[in-house]
Amino acid sequence: MTTTVEILNKFGRSDLMDLCEAAEAAILDGGGFGWVSPPDRAVMERYWRGVLLVPERVLFVARLDGTICGSVQLVRPSRNNEALAFSCQLVSQFLAPWARGHGLARQLAETLERRALEEGFHMIHLDVRETQTAAIQLYESLGYNRWGVNPNYARIDGKMVAGCYYSKALRTAAG
Ligand SMILES: CC(C)(COP(=O)(O)OP(=O)(O)OC[C@H]1O[C@@H](n2cnc3c(N)ncnc32)[C@H](O)[C@@H]1OP(=O)(O)O)[C@@H](O)C(=O)NCCC(=O)NCCS
């Protein structure tokens, strides 16, 4: 079984379909990916095509034996925001349930961190529902520090769910 992680700039043969299927499976499993239930396939396809077009976003995909099974995105601050230019965000990380436990989420996050460093960022921010215990375990093991909790972060099936805010310093403000 081979596991790989890469930046995706262009969809190869079955990449878009595989990415949609992996995202749908993760959403049905309880997500953490914004969607509470999977949207129509056409909407999902437009979403991923859009991600590749947004200049502030970098899409990283994980593959198991060549098939895309998960992803994460680096989001740069908008170019007019000089005050936030030192930091970027890690968003929308997921692995399809069938691809979990192979270290791919860790590899995705570490690859994103390396890219953030290369781009000169000093800090990565992320937020996650407090119910996503595997993700919280992963980020804390990678050295992300929890600095806040929003009790009204998400609404899932009519109930409010808290969200945890994390940051990781990649280097000191002085570089
Ligand atoms: C979080 C998630 C991406 C982990 O994917 P994964 O491929 O299984 O993770 P890995 O195999 O790379 O494991 C990395 C670490 O995650 C943590 N982890 C993974 N599964 C876990 C579980 N079931 N319980 C507790 N911690 C877990 C561990 O710290 C693990 O490190 P270890 O193997 O050294 O113990 C996956 O569970 C997922 O997609 N969850 C739903 C979406 C989500 O919560 N996204 C985050 C919101 S942005």
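None of the values given here were measured: they were computed from a predicted structure. Ligands are counted one by one from 1 in listed order, and the atoms in each one are counted from 1 as well.
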Using a strict cut-off of 4.0 Å, indicate which atoms of ligand 1 neighbour a heavy atom of [X].
X: Gln132; answer: 41 (C), 42 (C), 43 (C), 44 (O)
X: Gly101; answer: 6 (P), 7 (O), 8 (O), 11 (O)
X: Leu104; answer: 12 (O)
X: Ala135; answer: 1 (C), 44 (O), 46 (C)
X: Phe94; answer: 39 (O)
X: Tyr139; answer: 46 (C), 48 (S)

Do the ring planes of [X] and [Y] sit parallel (below 30°), tilted (30 to 60°) or perpendicular (above 60°)?
X: Phe94; Y: Trp48; result: tilted
X: Tyr153; Y: Tyr165; result: perpendicular
X: Trp35; Y: Tyr47; result: perpendicular

Test salt bridge (charged side-chain N to carboxylate O under 4.0 Å, His left out) applied to Glu140 - qualifying residues, sequence neighbours left out
Arg146
By salt bridge (charged side-chain N to carboxylate O under 4.0 Å, His left out), Arg63 pairs with (sequence neighbours left out) Glu6, Asp15
Quick one: does Gln93 get an N or O within less than 3.5 Å of an N or O on ligand 1?
yes
Could you tell me whether Val128 and ligand 1 have an N or O pair separated by under 3.5 Å?
no
Judged on heavy-atom distance to atom 36 (C) of ligand 1, which of Glu140, Arg100, Arg106 sits nearest?
Arg100
Looking only at non-hydrogen atoms, the one of Ala22, Ala62, Ala134 nearest atom 21 (C) of ligand 1 is Ala134
Out of Thr4, Val72, Val61, Leu64, which residue meets the side-chain contact (heavy atoms from CB on, under 4.5 Å) rule with Leu104?
Leu64
Considering only heavy atoms, does His102 approach ligand 1 within less than 4.0 Å through its side chain, its backbone, both, or neither?
backbone
Taking it one step at a time, do Arg129 and Ile156 satisfy side-chain contact (heavy atoms from CB on, under 4.5 Å)?
CA-CA 10 Å; Arg129 288 185 219 156; Ile156 312 293; 3.5 Å; yes
Residues Arg115, Glu119: salt bridge by 4.0 Å N-O rule:
yes
